[in-house]
Colleague: 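Below is the structure I would like to discuss, written out as structure tokens.
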Amino acid sequence: MTSKLLIVGGGLFGSQAATYARARGIEATVFDAGLPGAASPAAAGLFKEAWAGRRFHEPFRQALPVLDQLYGIRKVQLRHDDDTAEEFLFVPPGTILAANPVRRRVTAIGDGWLEVDGQRHEGWVYVAAGVWCGAFSAGLQITGKAGASYVFPGERRGRIRSIARGRQALAFVRDAETTFFSDGTAEVDYADAHDQQTLAHAESLGLTGVPVQRLWGRRPYTRGGPLFRRLGERTWLATGGRKMGTIFGAAFARRLIDDEIRP
Ligand SMILES: Cc1cc2nc3c(=O)[nH]c(=O)nc-3n(C[C@H](O)[C@H](O)[C@H](O)COP(=O)(O)OP(=O)(O)OC[C@H]3O[C@@H](n4cnc5c(N)ncnc54)[C@H](O)[C@@H]3O)c2cc1C
């Protein structure tokens with residue numbers, strides 16, 4: 001029987017699963033309700049082996065060929081205050097995110113089906129709904145840690161500054177003709193003061209003036225690390241991308257298609 005993949009969520013997780021599935025000859029449909037607070041549009045799109053560490057070395061290793069095959073991994077150099085350069089791997093979220101998802105909310109799922117606007121669709125189901133995954137799996141606890149990134153007009157030199165342990169302020173050209181800034185803020189209780197602090201960090205890297213865009217999102221955190229779970233014979237769920245959604249989205253897309261569905 002031929003089947004298609006039905007995906008709940010068009011962020012870094014769902015979009016990579018859709019593109020990987022299509023590359024393996026599987027038809028895929030992405031449903032995304034465009035909910036405010038989605039993490040992926042706010043992401044810088046950077047990753048590096050040191051961020052994954054020993055704990056996440058395996059998913060990192062598995063993600064690289066997926067990202068390279070589907071989108072091409074780029075390199076970007078950011079300069080520290082002493083002018084030394086640090087290199088990062090990079091895939092712009094804009095090249096990953098599903099361009100034309102079905103803009104509808106999925107209201108229910110079961111084994112091998114989902115429901116949209118009261119209508120049932122059948123196929124393999126992949127729930128990739130970020131911090132909203134809890135609505136589809138009883139007892140699943142997800143913590144959203146919010147942060148904002150800002151986009152300034154014009155292309156500036158890439159810069160990076162360490163502002164706390166494991167946290168950096170960075171500015172670089174994520175998308176043409178603009179400079180993207182983020183500072184790693186990850187707060188459960190996000191307030192206006194966090195915005196002010198992020199803008200002050202941006203200013204300290206020379207990004208003054210009025211940003212053209214503010215992107216705010218909640219990164220999904222699951223206890224014990226990122227989560228990939230089989231919910232039924234034909235239904236899976238994945239979330240918990242934390243600060244490395246690009247990598248985990250790719251590793252889980254590969255796992256879903258090559259290890260679970262196996263076309
Ligand atoms: C400021 C910032 C900077 C970041 N920088 C990086 C970085 O440099 N590198 C990196 O790897 N990661 C980074 N991240 C983390 C990364 O963004 C997340 O780990 C990742 O985006 C999570 O992806 P996701 O697809 O699981 O969730 P999301 O992006 O939140 O997507 C879930 C989607 O599901 C949809 N949805 C939910 N419920 C339903 C429903 N019932 N029906 C239909 N649609 C639904 C929502 O509309 C949403 O679009 C950053 C995050 C932030 C906030």
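Since the structure is predicted, the reported quantities are computational estimates derived from the model, not experimental observations. In listed order, ligands and their atoms are each counted from 1.
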Colleague: Starting from atom 29 (O) of ligand 1, what is the nearest protein heavy atom, named by residue and atom, and what distance separates them?
Modeller: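 Minimum-distance protein heavy atom for atom 29 (O) of ligand 1 reads S40 OG, 2.4 Å.
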
Colleague: Using a 4.0 Å cutoff against the non-hydrogen atoms of F136, which atoms of ligand 1 qualify?
Modeller: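 Listed by number with element: 41 (N).
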
Colleague: Once you round to the nearest 0.5 Å, how far does CZ of F252 lie from CG of L227?
Modeller: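 Reported value, rounded in 0.5 Å steps: 7.0 Å.
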
Colleague: With heavy atoms only and a cut-off of under 4.0 Å, state how R218 meets ligand 1: side chain, backbone, both or neither.
Modeller: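 For R218, no heavy atom sits under 4.0 Å from ligand 1.
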
Colleague: Does the distance from a Lys or Arg side-chain N to an Asp or Glu carboxylate O, for R157 and D83, drop under 4.0 Å?
Modeller: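 D83 and R157: salt-bridged.
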
Colleague: Which residue supplies the protein heavy atom nearest to atom 11 (O) of ligand 1, what is that atom called, and how far is it?
Modeller: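 Nearest neighbour among protein heavy atoms for atom 11 (O) of ligand 1, to 0.1 Å: T246 OG1, 2.8 Å.
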
Colleague: Answer yes when D81 and R159 have at least one side-chain N-carboxylate O distance shorter than 4.0 Å, and no when they do not.
Modeller: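 Yes.
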
Colleague: Among protein heavy atoms, which sits nearest to atom 27 (O) of ligand 1, and what does the distance come to when rounded to 0.1 Å?
Modeller: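 Minimum-distance protein heavy atom for atom 27 (O) of ligand 1 reads G130 CA, 3.4 Å.
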
Colleague: Just jot down the ligand 1 atoms closer than 4.0 angstrom to any heavy atom of R105, in number order.
Modeller: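 Listed by number with element: 40 (C), 41 (N), 42 (N), 43 (C).
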
Colleague: Only one of V125, T29, I257, V30 passes side-chain contact (heavy atoms from CB on, under 4.5 Å) with L5; say which it is.
Modeller: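 So, applying the side-chain contact (heavy atoms from CB on, under 4.5 Å) to L5 and each of V125, T29, I257, V30, only I257 qualifies.
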
Colleague: To which protein heavy atom is atom 53 (C) of ligand 1 closest, and what is the distance rounded to 0.1 Å?
Modeller: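 Sorting protein heavy atoms by distance from atom 53 (C) of ligand 1 puts G217 O, 3.6 Å first.
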
Colleague: On a heavy-atom basis, which atom in P211 and which in L199 lie closest, and how many Å separate them?
Modeller: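 In this case the closest contact between P211 and L199 is CG-CD2, 4.2 Å.
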
Colleague: What protein heavy atom sits nearest atom 22 (C) of ligand 1, and how far off is it?
Modeller: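 Nearest neighbour among protein heavy atoms for atom 22 (C) of ligand 1, to 0.1 Å: P220 CD, 3.9 Å.
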
Colleague: Salt-bridge test for R24 and D258: reply yes if a basic N is under 4.0 Å from a carboxylate O, no otherwise.
Modeller: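 Counted as a salt bridge, because a side-chain N and a carboxylate O are separated by less than 4.0 Å.
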
Colleague: Would L46 count as being in polar contact with ligand 1, using the rule that some N or O on each side must be under 3.5 angstrom apart?
Modeller: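 In this structure, L46 places an N or O atom under 3.5 Å from an N or O of ligand 1.
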
Colleague: Any atoms of ligand 1 less than 4.0 Å from a non-hydrogen atom of A38? List them with their elements.
Modeller: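 Counting from 1, the qualifying ligand atoms are 30 (O), 48 (C), 49 (O).
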
Colleague: Check ligand 1 against A43 and write out every atom of the ligand that is under 4.0 Å from a heavy-atom position of the residue.
Modeller: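 The list of qualifying atoms is 3 (C), 4 (C), 5 (N), 6 (C), 13 (C), 14 (N), 17 (O), 50 (C).
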
Colleague: Please name the pair of heavy atoms, one in G11 and one in S40, separated by the smallest distance, quoted to 0.1 Å.
Modeller: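 Residues G11 and S40, closest heavy atoms: CA-OG, 3.4 Å.
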
Colleague: With heavy-atom distances below 4.0 Å as the criterion, list the atoms of ligand 1 near F31.
Modeller: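 Every atom of ligand 1 under 4.0 Å from some heavy atom of F31: 43 (C), 44 (N).
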
Colleague: Between A146 and ligand 1, which part of the residue brings a heavy atom under 4.0 Å of the ligand: side chain, backbone, both or neither?
Modeller: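 Contact part for A146 vs ligand 1: neither.
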
Colleague: Which atom names give the shortest non-hydrogen contact between E187 and T185, and what distance separates them?
Modeller: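 Heavy atoms of E187 and T185 come nearest at CG-CG2, 3.8 Å.
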
Colleague: Do the ring planes of W51 and F88 sit parallel (below 30°), tilted (30 to 60°) or perpendicular (above 60°)?
Modeller: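 Tilted, since the angle between the ring planes falls between 30° and 60°.
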
Colleague: Hey, looking at atom 18 (C) of ligand 1, which of R242, M244, R219, K243 has the closest heavy atom?
Modeller: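 Ranked by closest heavy atom to atom 18 (C) of ligand 1, first place is R242.
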
Colleague: For atom 36 (N) of ligand 1, state which one of L97, L35, L12 supplies the nearest heavy atom.
Modeller: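 The residue whose heavy atom sits nearest atom 36 (N) of ligand 1 is L35.
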
Colleague: For W113, does the six-membered ring have the charged nitrogen or CZ of R234 within the cation-pi criterion, i.e. under 6.0 angstrom from the centroid and within 45° of the normal?
Modeller: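 Judged by the rule, R234 and W113 form no cation-pi pair.
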
Colleague: Between W216 and Y190, how do the two ring planes meet: parallel, tilted or perpendicular, split at 30° and 60°?
Modeller: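 Answer is perpendicular, since the angle exceeds 60°.
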
Colleague: Say whether, by atom type as modelled, one donor and one acceptor occur between the side chain of Q16 and the main chain of T246 under 3.5 angstrom.
Modeller: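 Indeed, once roles are kept as given, a pair shorter than 3.5 Å links the two residues.
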
Colleague: Ligand 1 and G245, any nitrogen or oxygen pair closer than 3.5 angstrom?
Modeller: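 Yes.
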
Colleague: Does R254 pair with D259 as a salt bridge, N-O distance under 4.0 Å?
Modeller: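 Salt bridge between R254 and D259, a charged N being under 4.0 Å from a carboxylate O: yes.
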
Colleague: Should you measure from each heavy atom of G241, which atoms of ligand 1 turn up under 4.0 Å away?
Modeller: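 Near G241, meaning under 4.0 Å from one of its heavy atoms, ligand 1 has 19 (O).
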
Colleague: Below 4.0 angstrom from a heavy atom of G9, which ligand 1 atoms are there? Numbered from 1 as shown, please.
Modeller: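 So the answer, numbered in order with elements, is 33 (C), 34 (O), 35 (C).
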
Colleague: To the nearest 0.1 Å, how far is atom 7 (C) of ligand 1 from its closest protein heavy atom, and which atom is that?
Modeller: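 Answer for atom 7 (C) of ligand 1: G45 N, 3.4 Å.
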
Colleague: What protein heavy atom lies closest to atom 42 (N) of ligand 1? Include the residue and the distance to one decimal.
Modeller: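 Result for atom 42 (N) of ligand 1: V106 N, 2.8 Å.
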
Colleague: Tell me whether A44 has any N or O atom under 3.5 angstrom from an N or O of ligand 1.
Modeller: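 For ligand 1, there is an N or O atom that lies under 3.5 Å from one belonging to A44.
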
Colleague: Judged by non-hydrogen atoms, does F47 sit under 4.0 Å from ligand 1?
Modeller: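 Flag not set, F47 not near ligand 1.
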
Colleague: Considering the heavy atoms of G34, write down every atom of ligand 1 situated less than 4.0 Å from one of them.
Modeller: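 Taking each heavy atom of G34 in turn, ligand 1 has 47 (O) under 4.0 Å.
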
Colleague: Less than 4.0 Å between a side-chain N and a carboxylate O, is that true for R105 and D32?
Modeller: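 No.
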
Colleague: Of the protein's non-hydrogen atoms, which lies at the shortest distance from atom 48 (C) of ligand 1, and what is that distance?
Modeller: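 Nearest neighbour among protein heavy atoms for atom 48 (C) of ligand 1, to 0.1 Å: D32 OD2, 3.4 Å.
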
Colleague: Hey, is K145 one of the residues with a heavy atom under 4.0 angstrom from ligand 1?
Modeller: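 Heavy atoms of K145 never come under 4.0 Å of ligand 1.
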
Colleague: Can you tell me if T235 and R230 form a side-chain donor-acceptor pair at under 3.5 Å?
Modeller: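 There is no such pair (donor and acceptor under 3.5 Å, judged by atom type) between the side chains of T235 and R230.
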
Colleague: For atom 45 (C) of ligand 1, which candidate among G10, G11, A33 provides the closest heavy atom?
Modeller: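 That would be A33.
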
